[in-house]
Amino acid sequence: MVLYVIGLGLGDAQDITVKGLEAVRKSSRVYLEAYTSILTVGKEKLEEFYGKPLLLADRDLVEQGADEILRDADQTDVAFLVVGDPFGATTHIIHNASIMNAIGCCETVSFVFWTESWKPESYFDKICKNRAMGLHTLCLDVNVAPVYYYSLLFQGKKIFEPPRFMTVSQAADQLLQIIQRRRDEGEELGMTEETVCVGVARLGSDDQSICAAPLHELVSCDLGEPLHSLVVTGRLHPLELDMLRMNAQEGALEGVKMLDSSTFTS
Ligand SMILES: C[S@@+](CC[C@H](N)C(=O)[O-])C[C@H]1O[C@@H](n2cnc3c(N)ncnc32)[C@H](O)[C@@H]1O
């Protein structure tokens with residue numbers, strides 16, 4: 001008997017692989033991991049397509065109630081569903097399309113929602129390091145930041161906030177605030193308001209949306225419903241720039257010089 005960890009892909013109920021679907025159908029309990037990512041369709045649509053009820057697995061259950069998920073898994077099949085790719089390599093993980101491979105080869109950083117007293121900037125340094133090498137950076141978790149911290153300690157048990165999903169505009173705003181603060185302190189900047197960025201939303205679904213623009217313009221760009229990700233570009237190849245212009249508003253990237261070091265250091 002087996003615990004299956006199954007990737008669901010990025011779009012809707014039908015993005016599961018055939019192998020994954022077979023495993024779901026023969027499992028006696030099916031958990032849907034419900035905090036690191038979301039599909040464009042809700043739990044009910046998945047249940048309808050799989051012909052099975054799903055048990056929602058929030059962070060609390062996954063991290064502190066794993067015994068319940070594993071209960072009887074030595075006597076019966078249990079499936080654990082993760083949106084995108086479950087990101088691991090063991091015998092019973094069934095991979096699927098992921099934002100990691102859909103968006104191409106980029107270095108990845110995680111953003112978090114700032115609070116009044118907690119405004120980490122470590123991702124900014126990583127982005128600048130990448131840019132210094134000419135590399136693009138995929139900013140993930142632009143949206144699921146609260147997954148990484150908990151709000152209360154209650155009788156020794158961690159209580160997690162429900163996941164919130166950050167927009168590209170909110171992520172761009174954080175970057176602009178960091179740039180402004182560091183400029184005021186006289187720091188040399190590895191990226192500026194003019195740096196070309198690409199906002200993507202609901203990649204892999206029918207209504208996916210992509211917008212390329214300098215950072216200061218992206219902040220006012222509304223890409224709609226989650227999930228969103230942001231790419232901060234490094235050194236742009238002429239072909240990449242041509243592609244980006246197809247996803248930019250009229251004239252937004254006209255000033256960008258191709259293969260000019262000012263493109264990524266200005
Ligand atoms: C914690 S990661 C989990 C990745 C998932 N396991 C996968 O393989 O796709 C979730 C983050 O990836 C990004 N993301 C995932 N799917 C996306 C999509 N379809 N469009 C845009 N961004 C997406 C969002 O920033 C989201 O917060």
Side-chain angles (χ1 to χ4, degrees), residues 4-17 20 31-42 45-46 56-60 62-63 79-90 92-114 120 123-124 126-127 136-150 160-175 197-213 218 221-233 244 247:
Y4 291 101
V5 181
I6 302 169
L8 296 187
L10 295 178
D12 56 28
Q14 295 174 19
D15 282 354
I16 191 169
T17 60
Y31 293 92
L32 173 63
E33 189 263 87
Y35 65 91
T36 62
S37 208
I38 49 167
L39 284 177
T40 49
V41 297
K45 283 267 182 259
L46 298 185
L56 278 186
D58 59 12
R59 186 172 182 177
D60 198 38
V62 175
E63 294 195 0
F80 184 77
L81 312 181
V82 182
V83 174
D85 189 282
F87 207 62
T90 68
H92 301 114
I93 288 181
I94 299 169
H95 290 281
N96 207 318
S98 153
I99 185 63
M100 300 298 289
N101 45 41
I103 206 153
C105 64
C106 301
E107 284 271 348
T108 305
V109 297
S110 293
F111 275 43
V112 288
F113 276 101
W114 284 349
Y123 53 83
F124 186 83
K126 178 70 177 159
I127 291 170
H136 308 325
T137 308
L138 169 60
C139 305
L140 275 187
D141 299 344
V142 155
N143 359 33
V144 209
V147 164
Y148 293 104
Y149 65 93
Y150 50 89
F160 295 105
E161 289 187 355
R164 285 183 293 159
F165 297 96
M166 194 186 282
T167 64
V168 159
S169 164
Q170 288 169 318
D173 182 58
Q174 283 194 0
L175 286 174
C197 295
V198 189
V200 298
R202 302 171 305 285
L203 219 55
S205 67
D206 289 343
D207 69 339
Q208 72 176 24
S209 181
I210 303 176
C211 180
L218 212 54
C221 162
D222 179 4
L223 291 176
E225 295 295 306
L227 296 165
H228 291 194
S229 292
L230 176 75
V231 177
V232 179
T233 62
L244 290 186
N247 293 295

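Note that the numbering runs from 1 along the sequence shown for the chain. We count ligands from 1, going down the list as the structure has it; atoms in each ligand are counted the same way.
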Looking only at heavy atoms, is any part of R202 under 4.0 Å from ligand 1, and if so is it the side chain, the backbone, or both, or is it neither? backbone
Just wondering, more than 12 heavy atoms not from D207 lying within 6.0 Å of its CG? yes
One residue to check: H228. Relative to ligand 1, which of side chain, backbone, both or neither has a non-hydrogen atom less than 4.0 Å away? backbone
Does T36, backbone or side chain, put an N or O under 3.5 Å from an N or O of ligand 1? no
What atoms in ligand 1 come closer than 4.0 Å to a heavy atom of L10? 9 (O), 16 (N)
Pick out which of V200, L203, L223 makes a side chain to side chain contact (heavy atoms under 4.5 Å, CB included) with Q208. L203
Separation between CG (L138) and OG1 (T108), nearest 0.5 Å, reads 4.5 Å
If you measure from CD on Q14 to CG on L46, what distance do you get to the nearest 0.5 Å? 11.0 Å
Report the relative orientation of the aromatic rings in Y31 and F80; use parallel for angles under 30°, tilted for 30 to 60°, perpendicular for over 60°. tilted
Any N/O pair G204/ligand 1 closer than 3.5 Å: no
Here the atoms of ligand 1 under 4.0 Å from any heavy atom belonging to S229 are 13 (C), 14 (N), 21 (C), 22 (N), 23 (C), 24 (C), 25 (O)
Under 4.0 Å to a heavy atom of V83 - the qualifying atoms of ligand 1, by number: 5 (C), 6 (N), 7 (C)
Is it the side chain, the backbone, both or neither of S37 that has a heavy atom closer than 4.0 Å to ligand 1? side chain
Point-to-point distance, once rounded to the nearest 0.5 Å, from CG of D15 to CG of L8: 9.0 Å
